[in-house]
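Computed from a prediction, not measured in an experiment: that's the story for all the values here.
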Amino acid sequence: MNCGEIIKTLRKQNGYTQQKLGKIISVSQDTVSNWERGKSLPPTAYLRDLAAALGVSVNELLGGEL
């Protein structure tokens, strides 16, 4: 799984919409969508908050085993 697939899977497991996850970590829905589709990667400044919101470690978020 790549980072975008992991974000999407975890977002859905947590019951978040892209909009809700974006609000939690202070980014737009379009930004979350771009991450999930592999158009961009989350900047390092957001990794800790994103991982915390999704309930995983940064390593898991970046391509570790779920």
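Side-chain N or O atoms of Asn2 include one that pairs as donor or acceptor with a backbone N or O of Gly4 at under 3.5 Å.
Of the inter-residue distances, the one linking Lys8 atom NZ with Gln18 atom CD reads 8.0 Å to the nearest 0.5 angstrom. Here Trp35 contributes atom CH2 and Leu61 contributes atom CG; the two are 9.0 Å apart, rounded to the nearest 0.5 Å. With values rounded to the nearest 0.5 angstrom, Ile6 atom CD1 is found 10.5 Å from Leu54 atom CG. To the nearest 0.5 Å, the span separating CD1 on Ile25 from CG on Asp49 amounts to 7.5 Å. Atom CD of residue Glu5 and atom CD of residue Glu36 lie 10.5 Å apart, to the nearest 0.5 angstrom. If you take CD on Glu60 and SG on Cys3, they are separated by 12.0 Å, rounding to the nearest 0.5 Å.
Checked by atom type, the side-chain pair Asn34/Arg37 shows a donor-acceptor distance below 3.5 Å.
Residues Leu41 and Leu50 do not share a hydrophobic cluster, clusters being chains of Ile/Leu/Val/Met/Phe/Trp/Tyr side chains in contact below 4.5 Å.
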Would you sort out whether Leu21 and Ile7 count as a side chain to side chain contact (heavy atoms under 4.5 Å, CB included), showing the intermediate values?
CA-CA 10 Å; Leu21 179 58; Ile7 292 170; 4.3 Å; yes
Show your reasoning for whether side chain to side chain contact (heavy atoms under 4.5 Å, CB included) applies to Leu62 and Leu47.
CA-CA 9 Å; Leu62 293 176; Leu47 291 178; 4.0 Å; yes
